[in-house]
Each structure stands twice: as C-alpha cells, then as structure tokens.
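Computed over heavy atoms, backbone and side chain alike; hydrogens, waters and symmetry mates excluded.
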Amino acid sequence: MELFPRERADPAPGVVHLPDWLSPAEQHDLVAACREWARPPAGMRTVRMPNGGEMSVRSLSLGWHWYPYRYVRTVADGDGSPVKPFPPVLGELARRALADAYGPEPTGIAGTADYRPDIGVVNHYAHGAQMGLHQDKDERSDAPVVSLSLGDSCVFRLGNTETRTRPWTDLELRSGDLLVFGGPMRFAYHGVPRTHPGTADPALGLVGRLNLTIRQSGLV
C-alpha cells in the first residue's frame with residue numbers, strides 16, 4: 001500500500017499527467033469495451049510497417065482507421081471492413097480529460113477552443129511489447145492527444161519535438177492514469193520502451209497493457 005498519493009505532474013509545457021484519473025469501475029468498463037471493439041470485423045490486428053517489419057503491439061482503430069502513415073475509413077491493411085464508429089464514451093472522456101488537465105476554459109493550448117475528437121486508437125501491449133519513439137502527426141489537427149492507460153504499468157518516454165534522441169523524460173504510467181500532450185509538445189516524439197508485466201490489478205482480468213489514445217483528425 002502506498003503511503004502517499006500520487007500527484008499531478010506537468011513534465012513539459014502542454015503535457016499533463018494525472019495519476020489514477022480513471023476510477024476502478026471506469027477501468028473495468030473500458031477493458032470490457034475494448035474486448036468488444038477488438039472482435040472482428042475491423043478488430044485488433046498486427047500492424048505491418050512499410051519496411052516489412054511488424055509492430056510488437058496489436059492495434060485497432062475507431063472512427064478513422066490508422067495505418068502507416070494515413071487515415072482511411074476501412075481496415076485497408078486488414079480485413080477491408082469499414083472501421084467501427086468512434087464511441088461517444090471516448091469523446092466524453094477526452095473532453096473531461098482536457099478540462100481536468102488544462103482547466104474548464106483552456107487558453108494557450110492550440111485546438112482546445114473547438115475540440116472535436118473523432119479517432120480512437122487502442123494498442124495492446126502483450127508481455128515484452130514496446131513502442132519506438134514516434135510522432136503522432138498524421139492528423140490534420142494540432143488539438144491535444146489524450147492517452148489512457150489500463151493494466152500493466154509502463155515506462156513512457158517523452159522526447160522532444162525535433163529528433164528521436166535525447167533530451168527525453170521517462171514517466172511511469174499505471175492503470176487508470178491520464179496523460180495529455182498538446183500545445184508546444186503536441187508533436188513531441190514519444191514511445192514505450194518497456195512495460196512491467198504482472199503489475200495490473202488481477203480484478204481487471206487483463207493480461208498486459210492497453211493504451212487508448214483519443215485524437216482529433218481534422219479530416220472533416
């Protein structure tokens with residue numbers, strides 16, 4: 001049992017980490033929802049990169065389908081089915097996240113004044129999976145990215161906006177944590193060099209880690 005509560009952190013301008021943001025009940029409901037979204041058609045898949053390599057995480061998209069490096073309305077690199085709709089629950093969570101991170105009337109953070117999230121990307125990190133440093137830059141919007149963690153804890157590496165090299169900051173993200181990055185760090189390189197297997201609450205019934213990112217496409 002922890003003796004001290006985990007507290008809000010602002011590791012870089014426009015980046016906010018709110019520990020334990022999701023209640024245990026909300027976490028359980030999101031895991032159950034992800035299981036439904038992951039079912040075919042247009043379910044969870046392995047992403048193949050243009051160089052032929054495969055990502056170690058498995059992924060699914062909601063609202064718009066992402067594959068390297070574009071958005072389309074069908075699972076073009078999978079079963080070809082129409083992408084599942086963007087769930088209202090993710091839009092509600094994302095709007096609440098921005099209000100809690102930046103305040104009810106945020107100023108100085110691009111894309112918050114008329115925020116309309118319409119993309120959900122769910123990544124499942126099995127034991128040993130990782131995510132290399134990358135930018136979320138296939139959207140035509142500079143609205144903040146909302147990231148939710150479920151299951152195993154991980155090391156989240158927050159880099160800089162110019163290169164994949166240092167400087168970077170490593171954060172520990174646990175189940176229920178919220179991370180928002182926008183403003184000057186919206187296009188920062190970031191990744192997950194490792195997870196901590198077996199750290200999830202068994203009550204979640206989840207093996208590994210789920211990461212949900214909610215974004216605004218700017219495509220419509």
Side-chain angles (χ1 to χ4, degrees), residues 8 14-39 41-45 57-67 70-75 81-124 135-151 156 173 175-183 185-188 190 204 206 209-220:
R8 172 192 174 115
V15 182
V16 180
H17 175 207
L18 295 179
D20 305 315
W21 186 75
L22 292 169
S23 70
E26 288 174 317
Q27 294 177 53
H28 185 275
D29 288 348
L30 275 178
V31 170
C34 287
R35 284 202 176 94
E36 290 302 313
W37 298 331
R39 299 180 189 278
M44 192 75 74
R45 80 205 194 285
V57 303
R58 287 175 57 77
S59 181
L60 72 90
S61 299
L62 303 162
W64 286 90
H65 177 75
W66 178 87
Y67 73 108
R70 71 202 76 180
Y71 285 106
V72 293
R73 288 294 198 182
T74 62
V75 186
S81 300
V83 66
K84 292 182 172 77
F86 179 73
V89 63
L90 294 188
E92 293 164 7
L93 284 171
R95 285 185 285 272
R96 190 181 110 204
L98 260 58
D100 288 353
Y102 298 134
E105 296 183 4
T107 57
I109 302 293
T112 57
D114 190 21
Y115 182 57
R116 296 189 304 274
D118 59 347
I119 299 170
V121 177
V122 182
N123 290 319
H124 177 238
Q135 294 172 297
D136 292 344
K137 63 178 183 179
D138 297 320
E139 303 79 32
R140 297 178 187 172
S141 169
D142 55 5
V145 173
V146 171
S147 174
L148 301 171
S149 293
L150 298 166
F156 179 87
L173 299 183
S175 192
D177 284 8
L178 165 69
L179 186 74
V180 178
F181 54 99
M185 293 294 282
R186 167 59 179 83
F187 298 103
H190 59 282
L204 273 182
L206 174 62
R209 173 179 185 256
L210 284 174
N211 174 232
L212 290 78
T213 64
I214 306 168
R215 315 171 190 180
Q216 180 172 310
S217 70
L219 295 171
V220 292

State, to 0.1 Å, how close Ser61 and Val121 come at their nearest heavy-atom pair, and which atoms those are. OG-CG2, 4.4 Å
Begin with the C-alpha distance, continue with both residues' side-chain angles, and end with the deciding distance and a verdict on side-chain contact (heavy atoms from CB on, under 4.5 Å) for Leu212 and Cys34. CA-CA 9 Å; Leu212 290 78; Cys34 287; 4.0 Å; yes
I need the Leu173 CG to Leu150 CG distance, nearest 0.5 Å. 11.5 Å
Less than 4.0 Å between a side-chain N and a carboxylate O, is that true for Arg95 and Glu92? no
Shortest non-hydrogen contact between Gly91 and Pro117, atoms and distance: CA-CG, 4.1 Å
Please answer whether the main-chain N or O of Leu219 pairs with a side-chain N or O of Arg140 as donor and acceptor at a distance below 3.5 Å. no
Kindly give the heavy-atom pair with the smallest separation between Pro19 and Asp177, and that separation in Å. CA-OD1, 3.3 Å
How are the rings of Tyr71 and Trp64 set relative to one another: parallel (under 30°), tilted (30 to 60°) or perpendicular (over 60°)? perpendicular
Salt bridge Glu139-Arg186, side-chain N to carboxylate O under 4.0 Å: yes
Looking at Ser141, is its backbone amide N or carbonyl O close enough to the side chain of Gln216 to form a donor-acceptor pair, meaning the two atoms are under 3.5 Å apart? no
Below 4.5 Å, heavy atoms only, C-beta onward: do Leu18 and Asp100 meet side chain to side chain? yes
Inter-residue atom distance Leu204.CG - Leu30.CG, 0.5 Å rounding: 10.0 Å
Donor-acceptor under 3.5 Å (Thr213 side chain, Val146 main chain): no
Take Val16 and Phe181, measure what side-chain contact (heavy atoms from CB on, under 4.5 Å) needs, and give me the verdict at the end. CA-CA 7 Å; Val16 180; Phe181 54 99; over 6 Å; no
Main chain of Val75, side chain of Arg45: is a donor-acceptor contact present, judged purely on distance under 3.5 Å? no
Looking only at heavy atoms, what is the nearest atom pair of Gly120 and Leu90, with distance? CA-CD1, 4.3 Å
Smallest separation among heavy atoms of Ile109 and Gly182, with atom names: CG2-C, 4.4 Å
Nearest 0.5 Å, please: how far is CG in Leu98 from CG in Leu93? 12.0 Å
Looking only at heavy atoms, which two atoms of Val83 and Gly63 are closest? And how far apart? CG1-O, 3.4 Å
Where the side chain of Asn211 meets the backbone of Leu148, is there a donor-acceptor pair that is under 3.5 Å apart? yes
Could you tell me whether a side-chain N or O of Lys84 sits under 3.5 Å from a main-chain N or O of Ala42, the two making a donor and an acceptor? yes
Contact between Pro144 and Thr112 at the side-chain level, heavy atoms closer than 4.5 Å - yes or no? yes
Sidechain-backbone polar pair: Arg70 side chain, His65 backbone, donor-acceptor under 3.5 Å: no
Lys NZ or Arg CZ of Arg8 over Trp21 ring: under 6.0 Å, within 45°: no
Going through the checks in order, is the side-chain contact (heavy atoms from CB on, under 4.5 Å) test met by Val15 and Val180? CA-CA 6 Å; Val15 182; Val180 178; over 6 Å; no
What's the verdict on side-chain contact (heavy atoms from CB on, under 4.5 Å) for Asn123 and Leu210, showing C-alpha distance, side-chain angles and the deciding distance? CA-CA 6 Å; Asn123 290 319; Leu210 284 174; over 6 Å; no
Counting only N and O atoms by type, is there a donor-acceptor contact under 3.5 Å from the side chain of Ser175 to the main-chain atoms of Gly151? yes
Would you indicate whether the side-chain heavy atoms of Met44 and His124 approach each other to under 4.5 Å? yes
What's the separation between atom NZ in Lys137 and atom CG in Asp142, rounded to the nearest 0.5 Å? 15.0 Å
Any side-chain heavy-atom pair of Thr74 and Ser81 under 4.5 Å: no
Do the charged groups of Arg116 and Asp118 touch, with an N to O distance under 4.0 Å? no
Okay, side chain of Glu26, backbone of Ser23: is any donor-acceptor separation there less than 3.5 Å? yes
For the atom pair CG (Leu179) and OG (Ser149), what is the distance rounded to the nearest 0.5 Å? 7.5 Å
Within the distance-only criterion (no hydrogens, no angle test), does the side chain of Tyr102 pair as donor or acceptor with the backbone N or O of Gly14 below 3.5 angstrom? yes
